[in-house]
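For reference, the structure discussed in these notes is given below.
All residue numbers refer to positions in the sequence shown, counting from 1.
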Amino acid sequence: MHRSKQVKRGLRFGSAGLWAIGIALIVLATALPSCSPSLVPARQGLVMRNIELPVRQLVFPSGLRVVAERDARNPIVGLFLVVGAGSSSDPPGKEGLAHYIEHLAFRSRPFGKSSFRHLLERAGAGEWNASTSLDATVYHEVGPASELSELLRLEGARMLAPVARLAPETLAVELDVVRSELRERNETGFTGEVLGALQKAVFPAGHPYARPVIGTHASLTSIGEDDIKAFLKSHYQPGNMTLAIVGDIDLATIGGIVENALPPDLLRAQASPRRPPIPGGAPEPPPPPSVPFSQSEASVATPEIWIGWSLPRAFDADSHLAEMLAARVGSQLVRASYGVEHEDRDIIDVQTRLVRGKDASMLLCRVVLDRGAHPKKSLAYVLDHLHLVEDGLGPRFFGEVLLGSQQRVAVVDMVLEMEDLVKHGETRALTTHFTQNPLTYTRSLAKVLDLEPEPFAKFALKYVSPERARAVLFLPAPGGDRVNAVPIGAHPVGEEEPSPIRVDEERLRAIAPSPGLGEYSRFTLPNGLRVVVGRREGSPTATVGLLIQGGVGAASDPGAMRAALSLAAVSQREDNHSFPEHFGATLRRSIRPDMAQYTLEGASGNVGTMIGIVAEHARYMVVTPAHWGHLDALVAELRLAERKPEHEAVRQFQSTLLAGSPYGRWPTASDVEKARPERAVDWIAETHMPENTALVVVGEIDPMEVTKIVKAELGDWKASADDKPPSVPAPYPPKTDRGFKVLVTDRPSATQVQMHLGCVFPPAKTLSEGLQREVAAQLVEDRLGGTLRERLGVTYGIRSHARVLRGGTSFLETSSAVERDRLTTALKTVQGALWALGEAPVSQDALGWAKLRVARARTTAHVMNHGTANILLNTINQGFSVENLDFTASYIASVSAKDVHEDLHACAAGTVTLSLVGDEPTIRFALKEAGLR
């Protein structure tokens with residue numbers, strides 16, 4: 001369709017059409033003079049350049065709105081489609097319909113044989129998913145920028161016919177998948193029926209938000225084909241849709257590309273009404289029901305208290321207030337579950353979450369209890385921590401804390417979200433859809449910068465108080481009874497066989513282009529410290545990662561190692577670099593079987609200070625008597641965590657799968673309790689040395705300046721003459737005694753069984769062999785997912801990964817949650833699939849699809865700085881060459897059916913470890929029926 005004709009028919013490019021949105025980010029605190037001779041200032045406020053976000057908007061006669069944003073950091077593009085219909089649009093009694101249609105859209109066959117999911121894969125999409133919220137359904141896909149036209153063509157087909165050519169059996173199986181999701185989200189720590197019950201407690205009867213997003217088992221059962229057709233006709237219209245295109249695109253030509261790729265019926269004027277933007281001025285949230293505390297049964301592992309507050313709506317100029325309030329409340333209420341102040345030992349964990357809506361929002365707090373001995377007392381204890389929020393709202397203290405640290409953290413988090421293509425694209429699309437103004441989203445960042453203490457204090461005190469809190473106590477169903485459980489049906493559909501596909505090196509390079517890591521600066525300091533420094537344009541952020549090789553596998557005393565990681569602190573030197581929150585950065589510490597890692601994310605203008613902080617963690621970690629005084633609190637937290645069935649199951653799985661290997665150990669609360677401070681000090685001395693360390697700096701930085709800073713901060717770091725890096729554990733070989741080692745962990749009354757399966761691959765000695773193992777793991781996921789999810793509908797999803805540890809130890813991990821009524825079928829499927837893959841090579845088409853999926857996963861891992869930093873650190877830790885990462889596509893292309901058959905044969909021919917968490921009598925019966933016990 002020619003551009004000029006469209007303009008004559010009323011095509012509008014917004015008020016200005018093209019914006020280059022600039023946000024002035026300033027230093028929020030003055031830099032203090034440094035006492036250090038290094039190049040790094042000792043203390044520093046947030047330093048960040050202006051952000052330019054070139055945006056173009058197109059509004060078509062049909063009412064369809066398209067907003068395009070250029071982000072040229074990577075040769076990829078993301079499409080984000082908002083349909084302005086979520087759970088609040090579900091007809092009464094049909095709750096969960098919008099979410100069910102979201103699922104069906106990926107099963108849809110708009111052009112005949114292939115499902116929409118396979119069409120996306122064929123087009124090279126590296127990631128896709130969808131979500132349903134209170135007011136919207138959002139679909140997204142990310143793929144090569146070169147395939148933009150094809151991705152738009154597919155998106156247009158979904159917009160016109162989101163549910164096409166689906167047999168009744170397929171509709172029934174996907175409904176079972178939704179039921180599986182509902183149960184999984186209850187029993188594994190997420191939210192399903194629980195969230196719906198809390199919505200009912202927070203919002204008054206009759207309010208659209210008082211109904212569950214995912215529905216109930218009863219409402220899902222009532223949904224029929226006529227309901228689906230009526231919902232689509234009413235809501236899936238161009239005037240109720242917004243499409244955001246974010247990535248490596250040309251804004252000058254995007255209009256013509258969109259017009260040529262999307263079907264004309266989506267662009268021309270239609271009789272269907274257009275949805276108006278939300279009106280200006282956020283209304284007051286509806287008053288909560290009068291009952292402040294209630295009790296219910298649900299599919300939860302242990303008793304849980306959920307607390308909710310209604311807040312003003314999201315998606316407007318003041319939505320940042322709720323975002324910052326949620327962060328502050330969360331940081332204070334979590335104190336009810338840890339530390340010296342942790343007085344209620346029945347509280348295991350406290351989490352907070354903000355649920356956004358166009359009419360109102362919800363702030364939720366989940367309190368996980370051990371036994372539920374005194375729930376009302378526990379509720380009062382958590383709510384009492386709100387005074388910590390209120391105490392911080394005085395003008396003086398609030399000004400120092402919020403504008404001195406919390407505000408900076410919020411700003412950096414928002415900029416880091418912009419670096420995340422998926423989060424950024426979804427937020428851009430949602431905000432534009434509801435306000436019909438692309439500028440609203442970007443202006444929210446400036447609002448945070450301009451925020452004053454007084455309006456925020458009034459907002460917080462008005463909406464989050466014990467009086468406005470509404471709480472529900474959820475108890476596990478007694479005696480193995482089920483709560484609202486509907487059996488999974490027996491209506492399998494025909495599997496979608498892998499269609500022929502051409503997968504060669506050229507195609508894989510297009511999907512997984514070289515990340516350019518070979519151009520990064522790589523050097524080793526005279527003391528043995530390995531360094532990688534790389535510049536990535538486009539976002540004023542940086543990631544600094546420090547790797548300490550060894551981890552649990554190198555610890556002579558794993559309990560002391562665990563205590564040291566939690567209790568050690570950086571010695572306060574005269575030239576210390578202060579704390580990350582002073583300039584809005586976030587520091588994370590993690591431990592794995594083969595490594596410990598310190599990671600800092602922040603503004604690239606603060607990269608020098610970030611390097612200084614991780615250098616302090618490498619060089620000056622100490623354990624003092626004052627630190628060790630908190631050991632009892634740490635042991636108590638670990639003991640509570642170990643009472644959760646899934647926690648103990650993971651520990652047993654790892655120790656069984658890698659029995660006899662140092663990597664099979666994991667410290668328990670008892671190990672930590674027996675630890676001595678001198679052994680913790682020994683672990684730091686044995687691992688925190690330059691020869692055992694690697695540093696990676698990635699982001700919008702000057703590599704030459706960063707190199708100078710690294711040398712200044714770490715060049716004079718010396719280990720003692722007697723210190724030697726920890727030895728590398730010998731690779732763990734596959735076992736030869738074929739069979740299943742089954743571990744059962746009881747979770748009474750659970751309607752699902754969490755399944756964790758693993759077996760040992762041959763050792764991976766090179767990067768190419770590591771990628772070969774990933775292809776093998778993908779084949780397992782494809783085979784099991786095709787049967788258990790797509791054909792039978794007994795699980796929400798299957799996830800398989802190949803793990804490669806330092807020294808070459810390599811193993812398969814596959815996890816899922818399956819319906820307990822169909823556990824026997826699932827166990828037989830797992831046995832048959834794993835042994836079949838080990839007995840004969842797969843077809844070239846199945847291999848091609850697996851390669852394609854591994855390649856796209858590698859591409860999406862490089863989208864953000866921290867993803868690239870983690871890949872670099874993992875590669876260094878595994879002993880592989882960093883420069884070889886640029887040949888990932890070539891290595892994947894070279895994997896043959898014979899290669900993966902040998903891996904899977906070795907894996908299946910040995911001992912397969914199978915961990916099952918759920919209702920033990922049900923599990924025992926299914927194991928017997930499946931011939932496994």
May I have the step-by-step check of salt bridge (charged side-chain N to carboxylate O under 4.0 Å, His left out) for R509 and E506, ending in yes or no?
CA-CA 5 Å; R509 280 180 176 174; E506 181 182 0; over 6 Å; no

Under-4.0 Å salt bridge between E686 and K724:
no

If you apply the rule side chain to side chain donor-acceptor pair (under 3.5 Å), what do you find for N865 with T541, and how did you get there?
CA-CA 8 Å; N865 290 334; T541 59; 3.1 Å; yes

Can you check whether L885's main-chain N or O pairs, donor with acceptor, with Y891's side chain at less than 3.5 Å?
no

Between N692 and P725, the two heavy atoms sitting closest are OD1-CB, 4.1 Å

Do T859 side-chain atoms and I511 backbone N/O form a donor-acceptor pair below 3.5 Å?
yes

I'd like to know if the side chain of E141 and the backbone of E127 have a donor-acceptor N/O pair within less than 3.5 Å.
no

Does E505 come within less than 4.0 Å of R507, counting only side-chain N to carboxylate O?
no

Report yes or no: does Q778 contribute a side-chain atom to a donor-acceptor pair with the main-chain N or O of E774 at less than 3.5 Å?
no

Ion pair check, E883 and R522, cut-off under 4.0 Å:
yes

Quick check with a 6.0 Å cut-off and a 45 degree axis cone: is K711 positioned over the face of F523's six-membered ring?
yes

Test salt bridge (charged side-chain N to carboxylate O under 4.0 Å, His left out) applied to R803 and E813, step by step
CA-CA 7 Å; R803 309 294 186 191; E813 275 192 295; 2.8 Å; yes

Let me see the working for T687 and Q549 under side chain to side chain donor-acceptor pair (under 3.5 Å), right down to the final yes or no.
CA-CA 7 Å; T687 55; Q549 291 184 319; over 6 Å; no

Partners of S590 by side chain to side chain donor-acceptor pair (under 3.5 Å), sequence neighbours excluded?
none

Could you go step by step and tell me if N870 and Q597 meet the side chain to side chain donor-acceptor pair (under 3.5 Å) rule?
CA-CA 10 Å; N870 286 337; Q597 185 172 325; 2.9 Å; yes

Using atom types as modelled and distance alone, determine if a side-chain donor or acceptor of R428 lies under 3.5 Å from a backbone N or O of E69.
no

Over 60° means perpendicular and under 30° means parallel, so tell me whether H617 and Y598 are parallel, tilted or perpendicular.
tilted

Could you tell me whether the side chain of T868 reaches within less than 4.5 Å of the side chain of L517, counting heavy atoms only?
yes

Taking 4.0 angstrom as the limit, do R619 and D716 come out as a salt bridge?
yes

Does any part of the side chain of V77, heavy atoms only, come nearer than 4.5 Å to the side chain of D248, both counted from C-beta?
no

What verdict does the side chain to side chain contact (heavy atoms under 4.5 Å, CB included) test give for V697 and I611, after you've listed the backbone C-alpha separation in whole Å, the side-chain angles of each residue and the deciding distance to 0.1 Å?
CA-CA 8 Å; V697 185; I611 294 170; 4.2 Å; yes

Does the side chain of L525 reach to within under 4.5 Å of the side chain of P690, using non-hydrogen atoms?
no

Can you name the nearest heavy-atom pair linking A568 to M621, along with the distance?
CB-CE, 3.5 Å

Which residues pass the side chain to side chain donor-acceptor pair (under 3.5 Å) test with D886, not counting sequence neighbours?
S514

Ion pair present between R588 and E601, side-chain N to carboxylate O less than 4.0 angstrom?
yes

Residue pair I548, M595: steps toward the side chain to side chain contact (heavy atoms under 4.5 Å, CB included) verdict
CA-CA 6 Å; I548 305 292; M595 62 185 284; over 6 Å; no

